[in-house]
There are 2 protein chains.
Amino acid sequence: MVSSVWTRERPRAGLSQDRIVAAAVELLDADGLEALSMRTLAARLDTKATSLYRHVANKDELIELVVDEVYGEMEVVASGPWRSSVADAARSLRAMVLRHPWVASVLGQVGLAELGPNLSDRSARLLALFTDGGFPGEEADLAMKTVLGYVVGMTVSEAAYVQLLARTGQDEEELTAHGVTSKALRDKTFEYGLERVLKGLGD
Amino acid sequence: MVSSVWTRERPRAGLSQDRIVAAAVELLDADGLEALSMRTLAARLDTKATSLYRHVANKDELIELVVDEVYGEMEVVASGPWRSSVADAARSLRAMVLRHPWVASVLGQVGLAELGPNLSDRSARLLALFTDGGFPGEEADLAMKTVLGYVVGMTVSEAAYVQLLARTGQDEEELTAHGVTSKALRDKTFEYGLERVLKGLGD
DNA sequence: CGCGTCATGCGAACACTGTACGCAGATCGC
DNA sequence: GCGATCTGCGTACAGTGTTCGCATGACGCG
């Protein structure tokens, strides 16, 4: 059969790891972690589940890829004094997790243990912020881990809460009225802690 | 049939939520999160899976119960200045998570959102440490969340790493030789960050 | 003591999961 | 043009959480 532009219809164009990972992120953002099955993911790419295994070893590897993919959204740039650069990076990481709350659910499983290219790149750049800021060799690493720890911990709790919102279908206003933390308060809480942590790291 | 001590054999003695939760913790500690299925858990209690549903609504509810159960191992006591009491509580929380690394895998799902009795008790006591330490009303809450955030984040990463160790079957020495962090270094890292965070919270 | 009510255990079944295997067809290098 | 390699997929299997209905035992009350 002649392979015209029309026979190879639009959204197929051949499976690839990139396309699979991108579709997985979409699905996770839309429906959460438990909605991600190899079959539903395949359907979205209109294929069958077993085809995915040509490009991805198994579901666990897929999840690692997906996590590293969203780590790519974390921005860490040197601009001005180390404190403000680090604070911006911290805010960017938090924003990423809140955009993709399912990340919180898998962080404990993948953790920062196996590092994909995006994560290791961001770690290196963050580390550089500290060394450039005057932290002596080994201490830069400790300082970096301290703020990463703070941001991850704080944000995991937030994301779990956001997912709870989504699951129960309530919107935030409603729960806020019942005394649960609001977005504005969570922002303030995060900023408070961040400021203190950074202050503690300064000599 | 006469119900002698021998006919109702030892480890049965009737199912109960407590017994189920205790067995689940054992199983999780021994074989990790993915080894926990309703059927394997039932087998350990020698029963069948469906019997568990008389005492537990869901697997999800079971997990909430199990998480709150281990939160009970966290010790928070007031002794001396707030800094050292808070530091001890932080160390206790970390030790608990490292004893039960699977907690890290589910923290993102349950989070600190739905709080069981143990968790809410520990939170209250921790908060009291700050208010007694002189933190004005609202700030005590912010400070508490800051150190909780730090401990959770740092520890989740550690636990993920510990689970990686267990999964790959390697012992720590071997990996350490390849440049991965050792237990001693992780202890030091945690203490460094904890100290800085507490310092940042002091005025 | 006896009878009814209720709690508990469980067998069977359902919809769904991740994944191994082997076959077909397309694609690409020579 | 031909052979090898790559890609998609149908089928199948073991395992999952959970529901439903039945049976059997314990317990309260007359």
Side-chain angles (χ1 to χ4, degrees), chain A residues 1-24 27-28 30-67 102 105-106 109-110 167, chain B residues 1-24 27-28 30-67 102 105-106 109-110 167:
Chain A
M1 174 194 260
V2 198
S3 151
S4 96
V5 194
W6 303 111
T7 56
R8 56 162 72 216
E9 67 278 0
R10 274 305 285 114
R12 284 297 306 279
L15 239 20
S16 75
Q17 192 172 93
D18 288 347
R19 267 174 37 78
I20 291 175
V21 169
L27 201 162
L28 286 165
D31 301 333
L33 181 62
E34 68 212 9
L36 177 70
S37 82
M38 298 305 270
R39 288 184 236 264
T40 60
L41 176 57
R44 190 170 268 242
L45 288 160
D46 48 35
T47 320
K48 299 302 181 309
T50 57
S51 304
L52 303 178
Y53 287 86
R54 293 285 176 194
H55 304 91
V56 155
N58 49 40
K59 190 179 178 181
D60 284 350
E61 183 188 290
L62 172 63
I63 286 181
E64 285 177 33
L65 290 170
V66 158
V67 168
W102 46 269
S105 312
V106 292
Q109 301 168 51
V110 267
R167 244 191 334 261
Chain B
M1 174 193 258
V2 199
S3 147
S4 94
V5 194
W6 303 111
T7 57
R8 56 161 72 212
E9 68 277 358
R10 275 302 288 112
R12 283 299 303 281
L15 241 18
S16 76
Q17 193 172 93
D18 288 347
R19 267 174 37 77
I20 291 176
V21 170
L27 201 161
L28 287 166
D31 301 332
L33 181 63
E34 69 211 10
L36 177 70
S37 83
M38 299 304 269
R39 289 184 236 264
T40 60
L41 177 58
R44 190 170 270 241
L45 288 161
D46 50 33
T47 321
K48 298 304 178 320
T50 58
S51 306
L52 304 178
Y53 287 86
R54 293 285 174 194
H55 307 271
V56 155
N58 259 334
K59 189 178 180 182
D60 284 351
E61 183 188 290
L62 172 63
I63 286 180
E64 284 175 35
L65 290 170
V66 158
V67 169
W102 46 268
S105 311
V106 293
Q109 302 168 51
V110 267
R167 243 191 335 263

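Letters A, B, ... are given to chains in the order of the sequence lines, protein chains preceding strands, and every chain is numbered from 1. Just so it is clear, the structure is predicted and the values come from calculations on it, not from any experiment.
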How many whole angstroms separate atom CD of B/Glu34 from atom P of D/dT16? 12 Å
Expected string for nucleotides 18-23 of chain D under the B/S/- scheme (protein heavy atoms, under 4.0 Å, primed atoms plus P, OP1, OP2 as sugar-phosphate) is BB-B--
Here's a test of your reading of the structure: between A/Ala35 and B/Lys48, which maps to the more 5' nucleotide of DNA chain C? B/Lys48
Within-4.5 Å side-chain heavy-atom neighbours: B/Leu41 and B/Leu62: yes
Set of side-chain contact (heavy atoms from CB on, under 4.5 Å) partners for B/Arg39, sequence neighbours left out: B/Ser37, B/Ala49
Evaluate the side-chain proximity of A/Trp102 to A/Val66: yes if any heavy-atom separation is below 4.5 Å, no if none is. yes
Once salt bridge (Lys or Arg N to Asp or Glu O under 4.0 Å) is applied, do any residues pair with A/Arg44, and if so which ones, sequence neighbours excluded? A/Glu26
Nearest-nucleotide 5' precedence on DNA chain C, B/Ser51 against A/Leu36: B/Ser51
Would you mind telling me which of D/dG8, D/dG17, C/dT17 lies closest to the side-chain atoms of A/Leu15? D/dG8
Without decimals, in angstroms, what is the distance between A/Ile63 CD1 and C/dT17 P? 14 Å
Sorted by chain and number, sequence neighbours left out, side-chain contact (heavy atoms from CB on, under 4.5 Å) with A/Ala35 holds for A/Leu27, A/Asp31
Just to confirm, is there a sub-4.0 Å distance from OP1 or OP2 of D/dG8 to any side-chain nitrogen or oxygen of A/His55? yes
Cut-off 3.5 Å, no hydrogens considered: what does the side-chain donor-acceptor table look like for residues 50-58 of chain B, sequence neighbours left out?
{"from": "B/Ser51", "atom 1": "OG", "to": "B/Lys48", "atom 2": "O", "distance (Å)": "3.4"}

